[in-house]
Amino acid sequence: MNKTDACLADWAVRKIESDYHDDVCLLLEHKTLKLEKDMDAAAFSFYIPATNKANGLARTFIVDGIGYDLFPMSWERIERMADVKEYNTTCLADAKILWVRSVQDRQRFVSLQARLQANLQNPQYMLERAKKWFDTVKEIYQDNLFEERLCKVRENAGYICDLLAITVAFVNQRYFTHGQTNQLQEISGMEKAPDNFMMLYREIITESSPDTQKRLCHDIIKSTKKFLDEQVKPIAKTSALDFSELAAWYQELCYTWRRVYHWCDMNDPINAYIWCCNLQNEVDEWGEKFGIADTDIFGSFNAKDLSGFRKRAELVEHKFKQTITENGVTLDEYSGVEDFLKAN
């Protein structure tokens, strides 16, 4: 620890003990986001307040050309870090205690570090956290499609690369110790990564054309989506599935099929297409749940000839009806209103 580092650490501890002893839980050191040449100068990073009075401890200042930021971080935010729900996971994982108010405060912080490590060891949980970052990336990309300012296109592209890198790290049950620094170097040492991820990351950063940069962002998002989809193990059909639930769903949705058929017969591609949007979404969701593969209807859509599209919708409908009956469930179906009234 150099002289400046030691002096600042001593100053912070003395300040807490003299003015904020009962108002601060812990003072933490965190160095991993610093430049390597400034590592020794990272005397402190943040503190966890116990009362609102602790806000008075917060300071930003510059010593010998190096900026310092002593800032509060709440227990609630630390807990979110333990659950891998904050951006800088390293702030909890790699922090060291410089000063602590009580044994209980120390135990609470150490237990949250342990909780974080346990979550990192849980592949299913980390996959879910990866998907959350991927959802954020899609929102940024959507905004970037309509962005015309070059500076913002480039900014958004950088965020896309950064957050997709976190997505990949989480799938590998890892986090970036050094934040945004040398992400590609760290990913190169990970077991799993999307196809062409590092190449696309580099191309996005070095591309000068905003339109090309947007296209490359699409490519890296598409590759990462495929990567995430490959991590999900298919759900096998089991006796626990309730096919009467599938029958009830079909009985509710069969009128949507009727609408699609009607507009196909009327040679109206607009209405046929719009009504099929809901149908396609439903058959994909319920097909995955009940092990029904190949639920693609829209792949056969041709606005100039709806006959193939209609046949494909019929085929998918038949698959669902067949699955229901093959699993011992009878549709609540009647040939006419008289039959319904007799039975009910």
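What you see below is based on every heavy atom in this structure, not just the backbone, and it leaves out hydrogens, waters and symmetry mates.
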Basic-acidic side-chain contact under 4.0 Å: [X], [Y]:
X: Glu314; Y: Lys311; result: no
X: Glu245; Y: Lys289; result: yes
X: Asp211; Y: Arg215; result: no
X: Asp135; Y: Lys132; result: no
X: Glu17; Y: Arg14; result: no
X: Lys226; Y: Glu230; result: yes

### Message
Taking the ring centre of each residue, are Trp263 and Tyr273 less than 6.0 Å apart?
### Response
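No.
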### Query
Can you check whether Asn88's main-chain N or O pairs, donor with acceptor, with Glu86's side chain at less than 3.5 Å?
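Not confirmed, Glu86 side chain does not pair with Asn88 backbone.
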### Task
Taking Asn327 for its side chain and Thr323 for its backbone only, find out whether a donor-acceptor pair lies under 3.5 Å.
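Looks like yes, one N/O pair under 3.5 Å.
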Looking at every heavy atom in both [X] and [Y], which two are closest together, and how far apart are they?
X: Asp105; Y: Trp75; value: O-CH2, 3.8 Å
X: Ala95; Y: Gln113; value: O-NE2, 3.3 Å
X: Arg310; Y: Asp265; value: NE-OD1, 2.8 Å
X: Tyr20; Y: Lys53; value: CE2-O, 3.3 Å
X: Cys276; Y: Phe298; value: CB-CZ, 3.6 Å
X: Phe46; Y: Ile78; value: CE1-CD1, 4.0 Å

### Query
What class does the angle between the rings of Phe320 and Trp249 fall in, given that below 30° is parallel, 30 to 60° is tilted and above 60° is perpendicular?
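The arrangement is tilted - the two ring planes meet at 30° to 60°.
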Side-chain donor-acceptor pairs under 3.5 Å in residues 251-260, sequence neighbours left out?
from: Gln251; atom 1: OE1; to: Asp332; atom 2: N; distance (Å): 2.7
from: Trp257; atom 1: NE1; to: Ala313; atom 2: O; distance (Å): 3.0

### Task
Could you tell me whether Lys34 sits above the aromatic face of Tyr68, with NZ or CZ closer than 6.0 angstrom to the six-membered ring centre and within 45 degrees of the axis?
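Ring-cation test returns yes.
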Under 3.5 Å, is there a donor-acceptor pair between the [X] and [Y] side chains?
X: Tyr201; Y: Asn196; answer: no
X: Asp162; Y: Gln183; answer: yes
X: His178; Y: Thr90; answer: no

Measure the spacing between [atom1] of [X] and [atom2] of [Y] and express it to the nearest 0.5 Å.
X: Thr32; Y: Asp94; atom1: OG1; atom2: CG; value: 4.5 Å
X: Leu200; Y: Asp195; atom1: CG; atom2: CG; value: 9.5 Å
X: His30; Y: Cys91; atom1: NE2; atom2: SG; value: 4.5 Å
X: Glu333; Y: Asp339; atom1: CD; atom2: CG; value: 11.5 Å
X: Leu216; Y: Cys161; atom1: CG; atom2: SG; value: 9.0 Å

### Query
Taking only residues at least two apart or on different chains, which pairs with a member in residues 102-121 satisfy ring-ring contact (aromatic ring centres under 6.0 Å, His included)?
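As it turns out, there is no ring-ring contact (aromatic ring centres under 6.0 Å, His included) pair with a partner in residues 102-121 once direct neighbours are skipped.
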### Partners meeting side chain to side chain donor-acceptor pair (under 3.5 Å) with Thr177 (sequence neighbours left out)
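Result, side chain to side chain donor-acceptor pair (under 3.5 Å) vs Thr177: none returned.
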### Task
Apply side chain to side chain donor-acceptor pair (under 3.5 Å) to Asn172 and list each qualifying residue two or more places apart in sequence or on a separate chain.
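If we apply the side chain to side chain donor-acceptor pair (under 3.5 Å) test to Asn172, skipping adjacent residues, there are no hits.
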### Query
Val316, Ile274: one ILVMFWY side-chain cluster at the under-4.5 Å cut-off?
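They do share one cluster, since a chain of ILVMFWY contacts under 4.5 Å joins Val316 to Ile274.
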### Query
Linking I/L/V/M/F/W/Y whenever their side-chain heavy atoms sit closer than 4.5 Å, directly or via other members, would Ile220 and Val153 fall into one cluster?
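Hydrophobic grouping puts Ile220 apart from Val153.
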### Task
Could you check if a side-chain atom of Gln280 sits within less than 4.5 angstrom of a side-chain atom of Asp296, using non-hydrogen atoms only?
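Of all side-chain heavy-atom pairs linking Asp296 with Gln280, at least one is under 4.5 Å.
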### Task
For Tyr125, enumerate each residue passing the side chain to side chain contact (heavy atoms under 4.5 Å, CB included) test, keeping only those at least two apart in sequence or located in another chain.
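Result, side chain to side chain contact (heavy atoms under 4.5 Å, CB included) vs Tyr125: Asp83, Val84, Lys85, Asn119, Asn122, Arg129.
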### Query
Leu35: what forms a side chain to side chain contact (heavy atoms under 4.5 Å, CB included) with it, not counting sequence neighbours?
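Partners of Leu35 by the side chain to side chain contact (heavy atoms under 4.5 Å, CB included) criterion, ordered by chain and then number, come out as Lys37, Asp38.
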